[in-house]
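Start at 1 with the first residue, then count along the sequence. Atoms within each ligand, like the ligands themselves, are counted from 1 in listed order. Note that this is a predicted model, so its numbers are computed, not measured.
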Amino acid sequence: MTKRNVKSLYIHIPFCKHICSYCDFCKMYYHEQLASQYLSSLEKEIKTYYQNDIIETLYIGGGTPSSLSKDRLIQLFNSLKIIKQSDNLEFSFEVNISDITEELLLLLKHYQVNRISIGIETVNDKFLTFLNRDHTKNDVYDKVMLTKKYFHNINVDFMYGFYGQTLQDVKEDLLFFKSLDVPHISIYSLILEPNTKLFIDKTKPLEEEIESEMYFYIIQFLEELGYCHYEFSNFAKKGYASKHNLTYWNNEFYYGFGLGAVGYIDHYRITNTRSINHYNKGCYVLTKDYEDRDIEMSNEMILGLRKIKGVNMNQFILKYGQTIEEVFRIHDLVKQEVLKIEGDYLSINQKYLYLSNQILERFIDIR
Ligand code: SF4
């Protein structure tokens with residue numbers, strides 16, 4: 001069992017000014033008074049559970065953290081003052097294009113944010129309308145250039161796999177993203193989640209074959225631009241891989257504060273309520289489940305194999321006292337070259353990445 005060592009902290013801000021048609025995140029429309037009340041509860045939650053760990057990665061996500069007014073942002077940052085930060089803290093903050101202003105960027109910089117993650121998804125007018133995003137292609141270019149005046153560590157989100165989308169549409173979006181010249185790109189295919197407008201409207205999914213062709217095209221395109229494909233959905237220029245997300249994929253402990261947030265502390269997976277009424281009454285936690293050694297080993301593989309480099313087999317032995325082969329039935333997958341062993345690492349063969357969900361299912365069960 002790993003010893004307690006919490007280096008990462010996630011904070012959820014559940015407010016948005018605009019609701020996108022595909023979104024099943026924990027979010028609600030922005031309301032200044034409710035936001036103020038929520039941030040007071042958030043501060044209390046942090047004070048209750050934070051145990052003076054020195055934090056190396058801090059991530060404020062949502063929802064849309066940038067939807068907060070200036071006063072609410074200051075309230076949020078003030079509530080973080082009790083958190084001990086390492087000297088080389090990676091401090092990420094999610095913003096929406098429509099919220100980006102010089103004033104916002106200066107404020108974020110003032111409070112030591114040093115990584116900005118921008119939800120763009122697409123710049124194709126037809127699909128922007130389909131996703132109900134609230135920006136245009138011109139907005140995106142101007143706002144990203146403005147952000148680059150103040151920050152160099154920037155991620156942009158790219159989405160594909162919309163019904164009716166062609167490979168040519170993806171290529172055009174990619175050429176635009178190339179022009180932004182930012183050091184990190186996260187890519188996602190559209191998933192039609194229940195309780196979203198797209199799902200309720202019975203939107204059709206894109207054919208799997210076309211989606212897989214798009215995925216491999218995107219990988220090739222971004223790798224040719226010098227991005228390192230370091231996780232299924234993530235690409236970074238040298239030195240810009242997200243340290244915070246690596247905490248998740250390395251199956252390490254992290255705090256999760258805020259509505260609907262999930263944390264993993266001392267082998268407990270802690271999931272917060274999605275009810276703002278409960279949350280504001282101080283009932284933060286919805287479930288707290290102990291993850292025994294078997295669950296931990298499964299997660300180690302399911303999360304670790306998301307990394308393109310894979311799982312370090314020696315570290316697995318050091319952590320659990322058994323080899324991966326002793327714990328999981330992987331012999332046939334290695335023989336069929338679905339999984340590959342290179343040096344100390346076990347990883348998914350790149351040509352099977354698209355089937356990763358089916359492959360990872362094999363690690364749910366221990367021998
Ligand atoms: S996708 Fe982001 S901006 Fe859109 S509704 Fe969901 S949380 Fe809000």
*Is K288 positioned over the aromatic face of Y268, cation under 6.0 angstrom from the ring centre and no more than 45 degrees off axis?*
yes
*Can you tell which of Y30, Y38, F15, F77 makes a side-chain contact (heavy atoms from CB on, under 4.5 Å) with R72?*
Y30
*If you measure from atom 5 (S) of ligand 1 to every heavy atom of C26, C20, G119, which option wins on shortest distance?*
C20
*Residue, atom name and distance, where the atom is the protein heavy atom closest to atom 1 (S) of ligand 1*: Y22 OH, 3.4 Å
*Cation-pi between K109 and F151: NZ/CZ under 6.0 Å from ring centre and within 45° of the ring axis?*
yes
_So that I can tick it off, tell me whether D201 and K197 are bridged by a salt bridge, with the cut-off set at under 4.0 angstrom between side-chain N and carboxylate O._
yes
*H18 near atom 4 (Fe) of ligand 1 via N/O/S, less than 2.8 Å*: no
_Protein contact to atom 8 (Fe) of ligand 1 [nearest heavy atom, distance to 0.1 Å]_ = C16 SG, 2.3 Å
*Is there a donor-acceptor pair under 3.5 Å between the side chain of N349 and the backbone N or O of E337?*
yes
*asked:* Looking at R306 and E231, is there a salt bridge between them, counting it only when a charged N and a carboxylate O are closer than 4.0 Å?
replied: yes
*Taking only heavy atoms of C23, which atoms of ligand 1 are found under 4.0 Å from at least one of them?*
1 (S), 5 (S), 6 (Fe), 7 (S)
*With a cut-off of 4.0 Å, which atoms of ligand 1 are near a heavy atom of N96?*
3 (S)
*Does a side-chain N-to-carboxylate-O contact under 4.0 Å join E291 and R269?*
yes
_Show me which atoms of ligand 1 lie under 4.0 Å from any heavy atom of R133._
1 (S), 3 (S), 4 (Fe)
*Which ligand 1 atoms are under 4.0 Å away from a heavy-atom of G63?*
7 (S)
_Distance filter under 4.0 Å to T64 heavy atoms, resulting ligand 1 atoms_ = 3 (S), 8 (Fe)
*asked:* Out of all atoms in ligand 1, which are within 4.0 Å of some heavy atom of F25? Include the element for each.
replied: 6 (Fe), 7 (S)
